[in-house]
**Student:** 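Quick one: the structure is below, and I'll ask about it shortly.
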Amino acid sequence: MLYTSLVGGNSMEYKFTEIEKKWQQRWDEEKAFKRLEDPNKEKYYMLEMFPYPSGNLHMGHVRNYSIGDVIARFKTMQGYNVLHPMGWDSFGLPAENAAIERGIHPDTWTNSNIDTMRQQLKGLGLSYDWDREVATSSPSYYKWTQWLFLQFFKKGMAYKKISSVNWCPSCETVLANEQVVNGGCERCSAQVDKKELEQWFFKITDYAERLLQDIDKLDGWPEKVKIMQQNWIGKSEGAMVNFTIEGTEEKIAVFTTRPDTIYGVSFMVLAPEHPLVLELVKGTEYEEAAKEFRKKAEHMSEIDRTSTEGEKEGLFLGRYVINPMNGQRVPLFIANYVLMDYGTGAVMGVPAHDQRDFEFATKYNLPIIPVIKPKNDEIDIDNLDRAFEAEGIMINSGPFNGLDNQEGIAKIIEYMEEKGIGESKVNYRLRDWLISRQRYWGAPIPIIYCDKCGTVPVPEEDLPVILPTDVKISGKGNSPLATSESFVNTTCPECGAAAKREVDTMDTFVCSSFYYLRYTDPKNDQHPFEMDKTKYWMPVDQYVGGVEHAILHLLYARFFTKVLYDMGLSPVDEPFSNLLTQGMVLKDGHKMSKSLGNTVSPEEIIAKYGADTARLFILFAAPPERDLEWSDQGVEGSFRFLNRIWRLVTESINEIHIDNMVDTGKLSSQDKELRFVLHNTIKRITNDISQRFNFNTAVSALMELVNAIYDYREKCKNGKLNNAVLSDAITCLLIMLAPFCPHITSELWEMIGREDSIHDQKWPQWDEEALVKDQVEIVVQVNGKLRDRLMISTQATKEEIEKAALGLDKIQELTSAKDIVKVIVVPKRLVNIVIK
RNA sequence: GCCGAAGUGGCGGAACUGGCAGACGCGCUGGACUCAAAAUCCAGUCUGGCUCACACCAGGUGCGGGUUCGACUCCCGCCUUCGGCACCA
């Protein structure tokens, strides 16, 4: 044997550091978790969201990866061919900040972080196939990010348009929303402006309807995530109507979900950024005010602007528009609560039936014209104190009066289409995905601009477009790549003339939108992934990650999968069959953060108690989808439990006979009781892990089993101990604990004389026979209050149970002077006697 | 603000389909072992009342209502805390 056993001499201490090192080394050398396609085995793809290599593992990672590891190991023991990969989402802002603040190159910083964190992950004993490791910042990966961009471009799914970014005038740089604090720059506090730039977008809106419809396919996703995605896509049905600007031929298109209220329009509002605004006020007395108003609105966050609580501010533009339904002339405003990004950036104001319009009209003294009245006349429709937004009957609406408003919607749209003033329209809240980033540390967008040929994609054979190293990362200016002359200046792939490269890089969400596909074929340098591989492994059977990704990452990944499916590159159109969104790790009720000084480092915990204890605690302390409160004392409790198991096995080593089979014909009552607890535990844990992911209750069940084994040993001290029963219980205990605590169980497995690996064992099956009890306790209630209990045969009929309950002394006492109205009998549970 | 969650002992949590509220663990109290301590083991631990004690009685799952023989669980209305809000990942 290559490895010396740690049980030597007299020491029976649980030496977790040595044990963990020994097994981790062995798994590494043996590549114990390397997996290939195997057509004879059913596959299971277990995936956890890959981390950003920030420098050190934190408790959130430990939680995420411990959950994934339990599932992966459990599924392996159930006989599946389990793919369990790990990698790095290694492009991003912090690497650039490190470069600016400490002068380290992002590449150096990132790679050293990856090395540290890989070691830390290995220190947790996670069952990854490390041969599949990917890093999105490596050229061999971002080559495919770029290649996929080109495919999107060819399909017309990637396009450029003007869009605004946060701009700090003092730092002269683009800021992420996160870097804007209370309207100011996080570094210098200068007030942040908006700047218009031409940027790349992916047409996710083309897929809005499918992304919405296919939510129905996601049976294994939490309802709350599905609802969040549905709301994010925000489908609404209504009409597009054209209002003409008085004195011109110009028309303003408006989207409304309530065409039935169009006769109630008393004003119209444009977003301050609407392209018509400056044109309309040019040279008028309103010009200055409008410009100023626009600037002010730009400084407001979208959250403040759309808040229904905030003050609605508007400005009259001195112009009027004509309501196409009745020819009515209504004033035109701009207002902060109208967003350019939603619909057409223009809103028809119907104060009687929309609360925001109501508030606006009240403030600016605009008429409130009711056009829907409630069916029951409960509300005085001519003197509203707030908008009436419910269903009703149409009034003041010319030929449509008297119609039910739902019917009115259809009739009005029909009329508009006939007259050419409007049409039926479905609108989505979802906007196209802006992927351009004015940053260095990302995948360069593979586009070349030629004076003659225009926008030319980089030929696929020239990929990857390598990130240059001669770049000044100063945190100033638009795009750092523009400072590298060797990068920017190139030749046009079509005509050979001098040309310039695109200097923006891609959003990191692009990189993380296909990594789960790349894992199936991570080393392929001819294709992003091959169908024979993706067909075997996809879809991901179980995806685990933080709930904070419920919308963006998960929606983008779904979008990518659908586009790739349509291109014939993916065998599935939904990437993740089952999703588990895990809660955060808190300390003292708050998220762990450096600024709060309440962090606990995984390394410290591992050094003090070992990885098995850390994993066990984090799985035991709370169910996975809930937030978890960190407790140092709780960790000690988990450590004590492992010590208790260590002692149980090492002290019983002479009684454990691994080859003995349990003879069910010769069992004492103690034997039967232990077997009942064992098989009940197997049943509970199997269900807890596979059906509910409630690892906390699974661990409790293991603790109860350990308590039961201790009890059994105590009770059978004087020679009554059945070695086979005890051995069976201990073996099953170790097997069931193995996915949670892989090191200690491996060590004990070896100590009881097994030469194979515990992680290759079959997951135990429970025996229903062992769970059959002859007697069961039944609760007896009177008027729903617990009054007594009785033991009765599990075979007893409802009548027998009722009779037994009514015969109890205590029940007789309580019921003798009263009328028994009803008796409810729930077999094996309770009897409730209703008296008067 | 909008969207989505969560609230149960001193603490983390359990109660799976409407059927014994508080499993399991932590902490605390008492005891055993020890010269002593640590470790370990045993017992107790929702609140109030009554009792030497066993028992018994009443109340109790954020707050206020409702449905039901029976509600932590279902319905209506609030309160508090947390997550997301499109350039953090």
**Student:** Looking at every strand, decide which applies to A:H549 at a 4.0 Å heavy-atom threshold: base, sugar-phosphate, or nothing.
**Tutor:** base
**Student:** Looking only at atom C1', what distance separates B:C28 and B:C46, rounded to whole Å?
**Tutor:** 14 Å
**Student:** Go ahead and write out RNA chain B as dot-bracket, 5' to 3': ( ) for pairs within the strand, [ ] for ones crossing earlier pairs, | when the partner sits on another strand, dots for unpaired; Watson-Crick or G-U wobble, both distances under 3.5 Å.
**Tutor:** (((((((..(((......[....)))((((((.......))))))((((......))))..(((((..]....))))))))))))....
**Student:** For B:C57, take OP1 and OP2 only and decide whether either is under 4.0 Å from a side-chain N or O of A:R787.
**Tutor:** yes
**Student:** Give the rounded distance in Å between these two atoms: OH of A:Y52 and P of B:C88.
**Tutor:** 13 Å
**Student:** Answer with base, sugar-phosphate or nothing: what part of the nucleic acid does A:L586 contact at a heavy-atom distance below 4.0 Å?
**Tutor:** nothing
**Student:** Does any N or O donor sit under 3.5 Å from an N or O acceptor when you compare the side chain of A:R829 with the base of B:C20?
**Tutor:** no
**Student:** Nearest to the side chain of A:V834, which nucleotide is it out of B:C26, B:C69, B:A5?
**Tutor:** B:C69
**Student:** Using atom CZ of A:F509 as one end and atom C1' of B:G84 as the other, report the distance to the nearest whole Å.
**Tutor:** 11 Å
**Student:** Distance check, C1' atoms only: B:G7 and B:G13, in whole angstrom units.
**Tutor:** 13 Å
**Student:** Please work out whether the ring planes of A:H549 and A:H553 are parallel, tilted or perpendicular, with thresholds of 30° and 60°.
**Tutor:** perpendicular
**Student:** What string of B, S and - do you get for nucleotides 39-49 of chain B, 5' to 3', when a contact is any protein heavy atom under 4.0 Å?
**Tutor:** -SS--------
**Student:** Counting just side-chain N and O atoms, does A:N707 come under 4.0 Å of either OP1 or OP2 of B:G25?
**Tutor:** yes
**Student:** Do A:R626 and A:Q582 have side-chain N/O donor and acceptor atoms under 3.5 Å apart?
**Tutor:** no
**Student:** Would you check if A:E704 and A:T681 make a side-chain contact, meaning some heavy-atom pair closer than 4.5 Å?
**Tutor:** no
**Student:** For A:I833, which contact category applies under a 4.0 Å heavy-atom criterion: base, sugar-phosphate, or nothing?
**Tutor:** nothing
**Student:** Please determine if A:R713 and A:E651 form a salt bridge, counting it only when a charged side-chain N lies under 4.0 Å from a carboxylate O.
**Tutor:** yes
**Student:** Is A:Q691 touching bases, backbone alone, or none of the nucleic acid, heavy atoms closer than 4.0 Å?
**Tutor:** nothing
**Student:** So A:V510 and A:W433, do their side chains get closer than 4.5 Å, heavy atoms only?
**Tutor:** yes
**Student:** Please give the distance between the P atoms of B:C63 and B:C69 as a whole number of Å.
**Tutor:** 25 Å
**Student:** Report the nucleotide, chosen from B:A86, B:A89, B:C69, that has the shortest atom-to-atom distance to any side-chain atom of A:I824.
**Tutor:** B:C69
**Student:** How many Å lie between CD1 on A:I801 and C1' on B:G19, as a whole number?
**Tutor:** 13 Å
**Student:** Among B:A89, B:G13, B:G25, which is the nearest nucleotide to the side chain of A:A622?
**Tutor:** B:G13
**Student:** Are A:F50 and A:Y515 close enough that their ring centers fall under 6.0 Å?
**Tutor:** yes
**Student:** Is the centre of the A:Y337 ring less than 6.0 Å from the centre of the A:F360 ring?
**Tutor:** yes
**Student:** Mind checking if A:V823 touches a base, just sugar-phosphate, or nothing, with heavy atoms under 4.0 Å?
**Tutor:** nothing
**Student:** Check the distance between B:C87's P and A:R437's CZ and give it to me in whole angstrom.
**Tutor:** 5 Å
**Student:** Can you tell me how far P in B:A37 sits from the matching atom in B:G31, rounded to whole Å?
**Tutor:** 11 Å
**Student:** Any idea which of B:C20, B:C57, B:C87 is nearest the A:Q781 side chain?
**Tutor:** B:C20
**Student:** Which nucleotide sits closest to the side chain of A:K224: B:A86, B:A5, B:G19?
**Tutor:** B:A5
**Student:** Let me know, please, whether A:V779 or A:A621 comes out on the 5' side of the other along RNA chain B by nearest nucleotide.
**Tutor:** A:A621
**Student:** When you match A:R789 and A:N832 each to their closest nucleotide on RNA chain B, which lands nearer the 5' end?
**Tutor:** A:R789
**Student:** Between A:W441 (CH2) and B:C88 (P), how many Å, whole number?
**Tutor:** 19 Å
**Student:** Under a 4.0 Å N-O cut-off, is there an ion pair linking A:E389 with A:R356?
**Tutor:** no
**Student:** Between A:E813 and A:K810, does any NZ, NE, NH1 or NH2 come within less than 4.0 Å of an OD or OE carboxylate oxygen?
**Tutor:** no
**Student:** Quick one, A:W766 and A:T686 - any side-chain contact, counting heavy atoms below 4.5 Å?
**Tutor:** yes
**Student:** Taking the C1' atom of each, how far is B:A58 from B:U68, in whole Å?
**Tutor:** 23 Å
**Student:** Evaluate the ring planes of A:F617 and A:W630, with Trp represented by its six-membered ring, and classify them as parallel (under 30°), tilted (30 to 60°) or perpendicular (over 60°).
**Tutor:** perpendicular
**Student:** Side chain of A:I227 only, heavy atoms from C-beta on: which candidate in B:G4, B:A23, B:C26 is closest?
**Tutor:** B:G4
**Student:** Out of the candidates A:L586, A:I618, A:L619, only one should pair with A:L628 under the side-chain contact (heavy atoms from CB on, under 4.5 Å) rule; please name it.
**Tutor:** A:I618
**Student:** If only side-chain N and O atoms of A:R626 are considered, is one of them under 4.0 Å from the OP1 or OP2 phosphate oxygen of B:A14?
**Tutor:** yes
**Student:** Please enumerate all protein N or O atoms sitting under 3.5 Å from an N or O of nucleotides 15-17 of chain B, with distances to 0.1 Å.
**Tutor:**
from  : atom 1 : to     : atom 2 : distance (Å)
B:A15 : OP1    : A:R692 : NH1    : 3.2
B:A15 : OP1    : A:R692 : NH2    : 3.0
B:C16 : O4'    : A:R692 : NH1    : 3.3

**Student:** B:C69, OP1 or OP2 - any side-chain N/O from A:K822 closer than 4.0 Å?
**Tutor:** yes
**Student:** Without hydrogens or angle criteria, can the side chains of A:D688 and A:T697 be said to hold a donor-acceptor pair below 3.5 Å?
**Tutor:** yes
**Student:** Given atom CD of A:E629 and atom C1' of B:U8, what is their separation to the nearest angstrom?
**Tutor:** 16 Å
**Student:** How far does the P atom of B:C33 sit from the matching atom of B:G19, given to the nearest Å?
**Tutor:** 47 Å
**Student:** Provide the distance between the two C1' atoms, one in B:G70 and one in B:A53, to the nearest whole Å.
**Tutor:** 34 Å
**Student:** Mind checking if A:P51 touches a base, just sugar-phosphate, or nothing, with heavy atoms under 4.0 Å?
**Tutor:** nothing
**Student:** A:K785 side chain N/O closer than 4.0 Å to the phosphate oxygens (OP1, OP2) of B:C56?
**Tutor:** no
**Student:** Check whether the side chain of A:Q438 and the base of B:C87 form a donor-acceptor pair under 3.5 Å.
**Tutor:** yes
**Student:** Rounding to an integer number of Å, can you tell me how far A:Q582 CD sits from B:G84 C1'?
**Tutor:** 16 Å
**Student:** Nearest whole Å is fine: how far is B:A89 P from A:M49 CE?
**Tutor:** 15 Å
**Student:** Answer with yes or no after comparing the ring centroid distance for A:Y207 and A:F202 against a 6.0 Å cut-off, counting only values under it.
**Tutor:** no
**Student:** Say you pick atom P in B:G9 and the same atom in B:G60; how far apart are they, in whole Å?
**Tutor:** 14 Å
**Student:** Below 4.0 angstrom from OP1 or OP2 of B:A89, is there any side-chain N or O of A:T508?
**Tutor:** yes
**Student:** Classify the nucleic acid contact of A:S436 as base, sugar-phosphate or nothing, counting any heavy atom under 4.0 Å across all strands shown.
**Tutor:** base
**Student:** As a test of the definition: with a 90° window around 0 for syn, would you call B:G60 syn or anti?
**Tutor:** anti
**Student:** Can you find a side-chain donor-acceptor pair between A:N707 and A:R644 that sits under 3.5 Å?
**Tutor:** yes
**Student:** Measure distances between side-chain N and O atoms of A:Q199 and base N and O atoms of B:C87, and say whether any donor-acceptor pair falls under 3.5 Å.
**Tutor:** yes
**Student:** I want to know whether A:Y516 and A:Y543 have ring centres closer than 6.0 Å.
**Tutor:** no
**Student:** Measuring to OP1 and OP2 of B:G25, would you say a side-chain N or O of A:N696 lies under 4.0 angstrom away?
**Tutor:** no
